[in-house]
Each structure stands twice: as C-alpha cells, then as structure tokens.
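Numbering starts at 1 and runs along the sequence shown. Values reported hereafter were calculated over all heavy atoms of this structure, with side chains retained and with hydrogens, waters and symmetry mates removed.
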Amino acid sequence: MPEIRPLSASLQRTAIEELNEVPDRLDADILALRTWLKQQPHMRSRSDDQFLVSFLRGCKFSLEKTKSKLDKYYTLRTQFPEFYTIRDVDSQRIHEVLKLGVGLRLPIPLNEDGPRLIYVRTGCYPADKYTFEEIMGVSNALNGLSIQYDDYAVIHGYLVILDFTDYTAAHLLQMTPSTLKKMSKFAEDALPVRDKGTHMINVNATFEMSFNLLRSAMSAKQQERISVHGSNLESLYAHIPQRYLPTHLGGEQGTIEELKEHSWNIFMQCQEYLREEANYGIDENLRPGGKCNDYDSIFGVDGSFRRLNFD
C-alpha cells in the first residue's frame with residue numbers, strides 16, 4: 001500500500017470520478033513515476049508517495065502530463081527562486097511578509113468538502129516597502145505546502161477571492177508584464193492544483209484601468225474563470241455561500257487576525273519541510289539532450305505599466 005493519507009469517502013469518490021484514480025493501481029502508478037524520476041539526471045525531486053500522488057492526481061493520472069508538469073515545476077523554481085520559493089525560512093523579512101496576511105487560506109473548504117478557498121488582500125501591504133516578488137515567493141511556497149498537505153486543494157482545486165480594497169497605483173506599478181507571465185505560466189503549466197475560478201471584489205478605478213492589461217497575460221481558459229463583482233457582495237454570495245467567507249465579509253471563517261494566526265501556525269509547523277525544499281531543483285547542464293526550458297525568453301525583461309495615466 002502507498003504511504004499516503006487516506007481520503008474521506010467523498011474525496012475518494014471525486015478522485016475516482018474526476019481524476020481517473022484507480023485505488024488498486026496507485027502503487028503501480030507511483031512506482032512508474034518514481035522510476036522515471038530516477039532516470040532523470042538533471043532533476044532532484046521529492047519522491048515520497050504523498051508528493052508524487054498529488055502530481056498524479058493534479059494531472060488526472062496521465063503519466064506523460066505528470067512528467068511534464070514536474071519538470072516545469074522544478075525548472076521554474078530553479079530559474080526564478082525569488083518568485084517561486086522561500087530561500088531562507090528563518091529570515092525576519094520573510095516572517096514580516098507572512099504576518100501581513102496577503103494570501104489567506106480559509107480553514108473550511110467550499111461546501112465543507114469542495115475546493116480550498118484562498119482570500120487574497122491585494123492592497124494590504126505597503127508597496128514602497130515590499131516587492132511583489134517577495135509577496136509571490138511566500139505565496140508560492142505556501143502553494144507547495146498545499147501540494148503536500150491539503151487533500152481538498154489537490155482533489156478539488158482552489159477558488160480564489162481577490163479583494164482590491166486599498167489597492168493603489170503603487171501596487172499596480174509592481175505588476176510588470178514579465179511578472180504576470182510568471183504567475184500565469186506557473187499556475188497553468190507547473191502547479192498540480194486545479195484552478196476553479198477567481199472572484200474579484202471591491203475593485204476600484206486603479207484596477208479597472210488595468211484590467212485588460214492583466215488579462216492579456218492569461219490564457220483564454222484562465223480568463224473564462226474570472227468573475228468581477230465590484231462591491232456587490234450579494235453577487236459574490238451567489239457563487240460562494242456567505243458562511244464560507246471571512247467574518248468581515250459576512251461569513252463564519254474567522255477574522256483577519258485569526259486567519260493570519262492560522263497561516264502563521266501552518267508555516268511554523270512546516271518549517272523543516274520548507275528548509276528541505278532547497279535540496280530540490282534542476283541542473284540544466286545534466287538535462288538529457290541538452291534541451292532546456294528557456295523561460296527567460298518567454299518572460300522577457302521588461303518594464304512596468306508606468307505609462308498608465310492615473311489622473
């Protein structure tokens with residue numbers, strides 16, 4: 001038997017019906033993936049059963065798709081560690097960013113056993129003090145913990161609520177086209193967690209002026225999953241029942257301070273796991289055939305949206 005967490009009856013049913021999981025074949029599927037990994041001289045990957053089964057589930061048990069996603073996952077993390085990882089778990093700067101509570105995972109999934117809800121406060125950090133790369137490094141490290149520890153996210157995916165309260169031109173100016181491509185590419189090509197949609201609330205003039213620019217970096221499929229609600233929470237409630245939201249949005253998932261404490265506790269419990277992440281990555285010099293994924297040419301080196309008029 002594979003050394004993985006047992007799923008609830010509901011999650012197991014979804015894994016079978018939607019992700020093509022065959023419980024009696026799990027050992028063989030994991031072994032096939034681990035055997036392939038051992039044959040990749042360029043890749044240093046986690047290989048425990050739980051990690052591998054998360055990628056298999058995220059790729060609906062297509063071995064070829066899983067191989068591709070794993071390679072891209074570690075390639076992006078190696079080429080752009082500041083954007084996709086926490087390089088120093090003990091850094092006080094990292095602790096400060098975590099305690100800001102920009103991205104907060106809500107404790108109860110949608111409808112009790114559905115997608116993981118992530119509440120993102122896009123304007124809650126001082127843009128003159130923290131870079132967007134620092135914010136995303138922490139966010140993506142937490143995504144890595146979800147792959148290993150959050151069966152709801154792995155089986156059902158995640159549903160994101162972006163709250164643009166206090167979002168300013170200074171925040172927007174951190175969002176370069178290159179940055180947007182890094183976000184989009186990782187979510188679609190490397191993360192083994194299904195995107196079940198993004199709901200944007202409390203959007204303001206700054207956001208509205210840039211919305212088309214933000215969408216330009218997304219795939220057509222990602223664009224289709226976006227819903228903009230403005231300040232109309234009733235519109236949001238039609239998609240996410242009110243009780244599954246944080247307290248200040250009329251829900252029962254806790255106050256911001258409680259959610260920040262929940263996030264901090266998860267980080268503290270998983271510090272050793274995050275330290276181990278430094279051991280994994282890609283050595284392009286050892287890649288068979290010499291062909292590498294050149295993300296520098298895809299993302300480019302470019303400026304921000306500084307020519308936008310905010311008057």
Exercise for the section: Could you tell me the separation between the CG atom of L31 and the CG atom of L26, rounded to the nearest 0.5 Å? Expected result: 12.0 Å
Problem - Shortest non-hydrogen contact between S139 and R105, atoms and distance - result: O-NH2, 3.9 Å
Practice task
Flag the pair V89 / I94 as yes when at least one side-chain heavy-atom distance between them is below 4.5 Å, and no otherwise.
Solution key: no
Problem - Check: Y149 and Y273 side chains under 4.5 Å, non-hydrogen atoms - result: yes
Practice task
For the residue pair E21 and Q12, confirm or rule out a side-chain donor-acceptor distance under 3.5 Å.
Solution key: yes
Acceptor/donor pairs from residues 262-269 side chains to any protein atom, 3.5 angstrom cut, sequence neighbours excluded:
from : atom 1 : to   : atom 2 : distance (Å)
N265 : ND2    : E261 : O      : 3.3

Problem - CD (E112) with more than 12 external heavy atoms under 6.0 Å - result: yes
Practice task
State, with a plain yes or no, whether a side-chain heavy atom of V102 is found less than 4.5 Å away from one of V120.
Solution key: yes
Completion exercise
residues 106-141 vs ring-ring contact (aromatic ring centres under 6.0 Å, His included), sequence neighbours excluded, gives Y119-H248, Y125-H171
Completion exercise
Sorted by chain and residue number, the side chain to side chain contact (heavy atoms under 4.5 Å, CB included) partners of E272 (sequence neighbours excluded) come out as R275, E276
Handout entry: All side chain to side chain contact (heavy atoms under 4.5 Å, CB included) counterparts of E234, not counting sequence neighbours
Key = N232, Y237
Completion exercise
The single option from T122, D163, D166 that satisfies side chain to side chain donor-acceptor pair (under 3.5 Å) with N202 is D163
Practice task
Compare all side-chain heavy atoms of R46 with those of E277 and state whether any distance is below 4.5 angstrom.
Solution key: yes
Fill in the blank from the handout: To the nearest 0.5 Å, atom CG of L76 lies from atom CD1 of I282 at 10.0 Å
Problem - R287 versus T75, side-chain donor and acceptor atoms under 3.5 Å - result: yes
Problem - Closest heavy-atom pair and its distance - G281, T78 - result: CA-OG1, 3.3 Å
Problem - CZ on F80 to OG1 on T85, rounded to 0.5 Å - result: 12.0 Å
Problem - Heavy-atom donor-acceptor pair, D49 side chain to I4 backbone, under 3.5 Å - result: no
Handout entry: salt bridge (Lys or Arg N to Asp or Glu O under 4.0 Å) partners for K196, two or more places apart
Key = none
Handout entry: Over all atoms of both residues, closest heavy-atom pair of V154 and I147
Key = CG2-O, 3.7 Å
Exercise for the section: Let me see the working for Y158 and D195 under side chain to side chain contact (heavy atoms under 4.5 Å, CB included), right down to the final yes or no. Expected result: CA-CA 6 Å; Y158 56 83; D195 175 5; 4.2 Å; yes
Completion exercise
In short, ring-ring contact (aromatic ring centres under 6.0 Å, His included) pairs touching residues 2-59 with sequence neighbours left out are F51-F55, F55-Y73
Problem - Carboxylate-amine/guanidinium contact E224 K221, below 4.0 Å - result: no
Handout entry: Reported CG-to-CG distance for the pair L52 and L33, which is rounded to 0.5 angstrom
Key = 5.0 Å
Exercise for the section: Report yes if some heavy atom in the side chain of S146 is under 4.5 Å from a heavy atom in the side chain of R116; otherwise report no. Expected result: no
Exercise for the section: Hey, could you give me the OH/CE distance between Y84 and M136, rounded to the nearest 0.5 Å? Expected result: 8.0 Å
Exercise for the section: Mind listing the closest non-hydrogen atom pair of L117 and Q253 along with its distance? Expected result: CD1-NE2, 4.1 Å
Completion exercise
Rounded to the nearest 0.5 Å, the CG atom of D29 sits from the CG atom of D24 at a distance of 11.0 Å
Completion exercise
Smallest heavy-atom separation, N279 atom then R44 atom, equals O-NE, 3.1 Å
Problem - Of I108, T14, D113, the residue whose pairing with Y152 passes side chain to side chain contact (heavy atoms under 4.5 Å, CB included) - result: D113
Practice task
Step by step, work out the side chain to side chain contact (heavy atoms under 4.5 Å, CB included) result for Q271 and D90.
Solution key: CA-CA 9 Å; Q271 277 191 312; D90 300 306; 4.1 Å; yes
